[in-house]
Amino acid sequence: MGRLIQRKRVTRVIRPQEGDAVASHRTKLDSIAVEEPLELRLGGESFTVTMRTPGNDFELAAGFMVAEGLVVSAEQLRGLRYCSGQDEFGNQTYNVIDVGMDPVLAQSALSGKRNVTTTSACGICGTTSIDAVEKTLPPGRGSRDLSITAEQLLSLPDALRDSQALFSKTGGVHAAGLFGADGELLCLREDVGRHNAVDKVVGWGLMEGRLPLAGTALQVSGRASFELVQKAALAGVELLSAVGAPSSLAVDLADRSGLTLAGFSRGKSINVYTHPERIIDLAEDDASASEIQPGRDAEGHSVPAERNTEQAVNAPA
């Protein structure tokens, strides 16, 4: 796996067992996921720096441009190339990419460029204006080409995990997988940054001429935050499913942008927060649910407040 993994010496400490006076320990070599900076330049001028796992860097750069609302098709990219970037021994680090694009568009982007390094934990750090965070969705987004069964949706986390080669060796990276409605894995990318993993998938879609990614579902290994919903919506993904929880802003944005958002996907159950109509099994339930009046059950009987609250928490979204 080349630059993706480093071997580091670690001391493994094991809690004392019953009858032992002290903890046991042993020293071994462990596989660690690599994290390195990647500087993105527009026309030779620095635009931003993100911390990422090396690999699929051109996809990352392309996906980042989509997420920033700067490009919507591969034709708008005039080229991607590694440029100067050397370590202390004079070796090429492959940690600087120059993105070729229309000079007017590049200058416009640079006028609002980020002023801090984007860490592997943050997808929108350094954005100069909060108002610029929520991008306007390009035409054609929010389509309804995807129909998926609950069983297929619940199978996505296992399908994602089975293909995570880097995670299997390090346990230290996130993953994003793009799936068709039939459950076929179209693209999987791993990275120490969950937003980077999504950018790499979106960049793959852009460079393959597949944007917008209508008729697809995106499964991520972590939680569903605002920036992941934004990236998915801008790329035309119709459904975003997360192993973890969504944030309130993520739910709000998904609702406004027409994206189906699901969380807590744990194999046997899943919470669907917005636009459940894409999930075939829920269509009939939605029709009957719309007839239920607040404070009453499916038969129209009055429900005590505490029971009503419990039903709202446990009911499918």
Side-chain angles (χ1 to χ4, degrees), residues 50 60 62-72 114 118-127 129-146 148 153 156-157 160 174-179 186-189 191 193-206 210-265 270-279 282 317:
T50 185
L60 173 58
F64 186 84
M65 294 298 114
V66 174
E68 290 294 296
L70 299 176
V71 301
V72 295
R114 298 169 179 230
T118 302
T119 72
S120 57
C122 177
I124 55 174
C125 302
T127 300
S129 170
I130 294 298
D131 293 336
V133 170
E134 187 177 322
K135 305 296 188 299
T136 301
L137 296 179
R141 302 308 197 248
S143 59
R144 291 289 186 274
D145 296 339
L146 179 70
I148 189 170
L153 180 58
L156 298 187
L160 185 76
H174 289 281
L178 188 71
F179 292 85
L186 304 175
C187 176
L188 181 141
R189 296 293 182 261
D191 199 282
R194 53 198 172 87
H195 58 93
N196 287 338
V198 172
D199 278 343
K200 289 178 178 181
V201 169
V202 172
W204 170 86
L206 180 77
R210 289 174 173 253
L211 257 60
L213 295 170
T216 63
L218 183 67
Q219 177 69 50
V220 296
S221 58
R223 63 187 180 89
S225 55
F226 174 91
E227 70 269 19
L228 294 196
V229 169
Q230 178 178 265
K231 290 174 187 294
L234 282 166
V237 171
E238 294 192 37
L239 185 151
L240 174 62
S241 172
V243 172
S247 68
S248 62
L249 280 178
V251 174
D252 291 344
L253 179 59
D255 189 36
R256 290 196 302 273
S257 60
L259 178 76
T260 300
L261 177 61
F264 293 108
S265 184
I270 189 169
N271 289 349
V272 182
Y273 296 87
T274 62
H275 299 283
E277 60 271 12
R278 291 189 177 92
I279 302 171
L282 301 186

Holding to side chain to side chain contact (heavy atoms under 4.5 Å, CB included), I want the full list of residues that pass it with [X], two or more places apart in sequence or in another chain.
X      : answer
Ala242 : Val220, Ala224
Ala217 : Leu146, Leu156, Leu239
Ser221 : Leu160, His174, Ala175
Val243 : Pro157, Gln219, Arg266

Review point. Does Glu238 reach the main-chain N or O of Gly215 with its side chain, forming a donor-acceptor pair under 3.5 Å?
Key: yes

Point to revise | Donor-acceptor under 3.5 Å (Ser225 side chain, Ser247 main chain) | key: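 Checked: no pair found.
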
Practice item. Find out whether Arg256 and Asp252 are in side-chain contact, i.e. whether some heavy atom of one side chain is under 4.5 Å from a heavy atom of the other. Key: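 Arg256 vs Asp252: side chains touch.
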
Check your understanding: With a 4.5 Å limit on heavy-atom distance, are the side chains of Val251 and Thr274 in contact?
Key ->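 Yes, close enough: below the 4.5 Å cut-off.
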
Compare every heavy atom of [Y] with every heavy atom of [X], then report the nearest pair and how far apart it is.
X      : Y      : result
Leu211 : Gly205 : CD1-C, 3.4 Å
Ala176 : Leu218 : CB-CD1, 4.3 Å
Val237 : Leu259 : O-CD1, 3.1 Å
Val229 : Ala254 : CG1-N, 3.7 Å

Between [atom1] on residue [X] and [atom2] on residue [Y], distance to nearest 0.5 Å:
X      : Y      : atom1 : atom2 : answer
Phe226 : Lys231 : CZ    : NZ    : 11.0 Å
His195 : Gln230 : NE2   : CD    : 13.0 Å
Leu60  : Asp191 : CG    : CG    : 6.5 Å
Glu68  : Asp199 : CD    : CG    : 8.5 Å
Asp255 : Leu261 : CG    : CG    : 10.0 Å
Leu249 : Glu227 : CG    : CD    : 10.0 Å

Review point. In this structure, which one of Leu188, Val201, Val198, Val202 forms a side-chain contact (heavy atoms from CB on, under 4.5 Å) with Leu178?
Key: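 The residue from Leu188, Val201, Val198, Val202 that satisfies side-chain contact (heavy atoms from CB on, under 4.5 Å) with Leu178 turns out to be Val201.
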
Practice item. Quick one: list whatever passes side-chain hydrogen bond (donor to acceptor under 3.5 Å, both in side chains) with Thr216, sequence neighbours left out. Key: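 side-chain hydrogen bond (donor to acceptor under 3.5 Å, both in side chains) check on Thr216 returns nothing, list empty.
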
Review point. How would you list, by chain and number, every residue that makes a side-chain hydrogen bond (donor to acceptor under 3.5 Å, both in side chains) with Thr260, sequence neighbours excluded?
Key: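 Checked Thr260 against side-chain hydrogen bond (donor to acceptor under 3.5 Å, both in side chains); matches are Arg278.
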
